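These numbers come from the heavy atoms of this one structure, side chains and all, not from hydrogens, waters or symmetry mates. Just so it is clear, the model here is predicted, and its values are computed rather than measured.
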Amino acid sequence: MSMQIDYLRVALSLALCLGLGVAAIFLLRSRFRGLSVGPARDLALLESLRVDPRTAVHVLAYQDQRLLLTTRDNAVHVTVLPVGATAPAPPHDTGAPPASHDASDGAPAP
């Protein structure tokens, strides 16, 4: 019993699959034409700092505002910085241990 490949059926199946793929691409492009795919022009990441393996702080510029984003695990805290605020200078090393902070609310520990 010999098996024979029907090349016409293989070619037609391939053409049908390619045609469906091209049609799906054109349909999706026309449906989502209004969505922007490029980078946001009003949003810029100014600085990022990893505090520890689970916590990061980011400063964003959006239009005329500065935003401070603090991310920890699955939470994000957003603070709008006052207009004209500048970043404080890093403290000079006095040899004293750094002050500890309570991670739950960001307030200094007693």
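By the criterion of side-chain heavy atoms lying less than 4.5 angstrom apart, applied directly or through intervening Ile, Leu, Val, Met, Phe, Trp or Tyr residues, Val80 is grouped together with Leu43 in one hydrophobic cluster. Linking ILVMFWY side-chain heavy atoms closer than 4.5 Å, directly or via other members, places Leu20 and Leu28 in two distinct hydrophobic clusters. In the hydrophobic clustering of this structure, Leu27 does not group with Val22; members are Ile, Leu, Val, Met, Phe, Trp, Tyr whose side-chain heavy atoms approach within less than 4.5 Å, directly or through other members.
Between atom CG of residue Leu16 and atom CZ of residue Arg9 there is a gap of 12.5 Å, rounded to the nearest 0.5 Å. The structure places SG of Cys17 at 11.0 Å from CG of Leu12, a figure rounded to the nearest 0.5 Å.
Listed for the Thr55 side chain is no donor-acceptor partner under 3.5 Å among the backbone atoms of Val51.
For Asn74, there are no side-chain hydrogen bond (donor to acceptor under 3.5 Å, both in side chains) partners at least two apart in sequence or on another chain. Looking at residues two or more places apart in sequence or on another chain, you find a side chain to side chain contact (heavy atoms under 4.5 Å, CB included) between Leu14 and Leu18. Residues meeting the salt bridge (charged side-chain N to carboxylate O under 4.0 Å, His left out) test with Asp52, sequence neighbours left out: Arg72. Remark: Leu45 engages Ser48, His58, Leu60 in a side chain to side chain contact (heavy atoms under 4.5 Å, CB included) (not counting sequence neighbours). Residues forming a side-chain hydrogen bond (donor to acceptor under 3.5 Å, both in side chains) with Arg54 (at least two apart in sequence, or on another chain): Asp73.
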Kindly determine whether Leu68 and Val57 satisfy side-chain contact (heavy atoms from CB on, under 4.5 Å), including the steps that lead there.
-> CA-CA 7 Å; Leu68 180 71; Val57 178; 3.4 Å; yes
Report the C-alpha distance between Leu46 and Arg66 in whole Å, list the side-chain angles of each, state the deciding distance to 0.1 Å, and finish with yes or no for side-chain contact (heavy atoms from CB on, under 4.5 Å).
-> CA-CA 9 Å; Leu46 300 179; Arg66 299 278 171 114; 3.3 Å; yes
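In the hydrophobic clustering (ILVMFWY side chains linked at under 4.5 Å, chained through shared members), Tyr7 is joined by Ile5, Val10.
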